[in-house]
Amino acid sequence: MNRRGMRETLVIALGGNALIRKGQAGTIEEQFANLKGPMQQIARLSMDFRIIITHGNGPQVGNLLLQQESCCDVPKLPLEILVAQTQGQLGYMIESTLDTEFMKIKGAQSKQLVSLISYVVVDEADPAFQKPSKPVGPSYPEGAVDSLPWPVVKTANGYRRVVASPAPVTIVEKQEIRKLVAMDFIVICCGGGGIPVIREERGFHGVDAVIDKDLASARLASEVEADVLVIATDVEGAALSFGQPEQKFLRHISCVQAEQWLRQGHFPAGSMGPKVKAAVQFVREGGKRSIITSLDAICEAVSGTAGTEIRKHGG
Ligand code: ADP
Ligand code: MG
């Protein structure tokens, strides 16, 4: 129970690996099989907690971009539409897998699930629009770069298009999400960090950008006054000197410690950096705790026996 006398609300952010593991081709059978483990755990957690699920979409949007590139007969769609497509696709896959896992829990009442197409407001003046930094879609050989209509970045596997990754300002559907969660729905939302939109008087219009899903999840968690933010990925937590012989996974840390290690470069941009930033941001904005954990240990992380837990004053 939380201080409002309600069951605690968890926001669980699933990394891209929840669907496609490193080295896999990403067939639909693989994606459904990968979802099983995390959904089994979420089904169990939903007996004791209210749940909101968010998810990444990098590989799925990448595949849609690749499909567009290989077909010239159909008009190309902008990124905002591709993000909307993946919210529908992944929402369906998560819902149906979770539903199947509920059926397997003896005596459990099945929960009502809902996937929301979510927009997230970004600021037109965000400096990220001047410095596109997030690689998306396929890699191109050096020779193709000059004919591409967008900025690119050189990566280990060739050149990739880069887009702006502005900060999430607010989740447009936050009131709807709050109400659904209060009614005990499990809500799947903010997929791929949400569809980035800019306010235009009383309306919104989509922009060609992507929002980091961990930062969007932290924003959402604060806005719906969730109790715990769980960021589930393919490593057991955040480590100091990651990949070095002296690597050390962290268990209980404070916001101040996390920020210090961030500044020292232990958590790089584009992978562990945004997770630690999101975790700190949520706790600073009043969340009880954030946990970065492996997809296989979501339940243990929630019960305090796995993952890197970030609290205001450590533990
Ligand atoms: P997701 O798809 O879940 O968002 P990312 O690939 O963006 O996952 O981030 C997780 C990756 O971050 C891990 O697979 C790991 O290789 C990398 N990483 C970089 N630095 C660290 C660190 N300090 N501690 C743990 N993992 C790290
Ligand atoms: Mg990531």
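For ligands, and for the atoms within them, numbers begin at 1 and follow the listed sequence.
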Atoms of ligand 1 close to Pro268 [distance to a heavy atom under 4.0 angstrom, numbered from 1]: 19 (C), 20 (N)
Given Ile198, Val120, Val172, the one that forms side chain to side chain contact (heavy atoms under 4.5 Å, CB included) with Phe204: Val172
Cluster overlap Leu35 with Ile52, hydrophobic side-chain contacts below 4.5 Å: no
ILVMFWY cluster, Val210 and Leu64 together (side-chain gap under 4.5 Å): yes
Protein contact to atom 6 (O) of ligand 1 [nearest heavy atom, distance to 0.1 Å]: Ser271 CB, 4.4 Å
Protein contact to atom 14 (O) of ligand 1 [nearest heavy atom, distance to 0.1 Å]: Asp234 OD1, 2.6 Å
Test of proximity, Asp214 against ligand 1: N or O pairs below 3.5 Å: no
Shortest protein heavy-atom distance from atom 10 (C) of ligand 1, along with the residue and atom involved: Thr233 OG1, 3.5 Å
Min heavy-atom dist Lys213 to ligand 1 below 4.0 Å: yes
Distance from atom 4 (O) of ligand 1 to nearest protein heavy atom, with residue and atom: Lys275 NZ, 2.5 Å
For Gly270, the ligand 1 atoms whose distance to one of its heavy atoms is below 4.0 Å: 7 (O)
Salt bridge flag under 4.0 Å for residues Arg21 and Asp234: no
Cluster check Leu262, Leu229: I/L/V/M/F/W/Y, side chain < 4.5 angstrom: yes
Min N/O separation Gly16 to ligand 1 under 3.5 Å: yes
Trace of the salt bridge (Lys or Arg N to Asp or Glu O under 4.0 Å) decision for Lys76 with Glu69: CA-CA 8 Å; Lys76 292 199 188 337; Glu69 300 275 301; 5.3 Å; no
Gap separating the NZ atom of Lys179 from the CZ atom of Phe185, nearest 0.5 angstrom: 13.0 Å
Contact check, Ala238 vs ligand 1, heavy-atom distance below 4.0 Å: yes
Min heavy-atom dist Gly273 to ligand 1 below 4.0 Å: no
Option from Lys275, Lys277, Arg219 for which side chain to side chain donor-acceptor pair (under 3.5 Å) with Asp214 holds: Lys275
Any N/O pair Ala239/ligand 1 closer than 3.5 Å: yes
Ring geometry between Trp150 and Tyr140 (parallel below 30°, tilted from 30 to 60°, perpendicular above 60°): tilted
Distance, nearest 0.5 Å, that separates CD of Glu29 from CG of Asn34: 11.5 Å
Lys22 contact mode with ligand 1 (heavy-atom cut-off under 4.0 Å): side chain
Top protein contact for atom 22 (C) of ligand 1, by heavy-atom distance: Phe242 CB, 3.3 Å
Test item, Gly237 contacting ligand 1 (heavy atom, 4.0 angstrom): yes
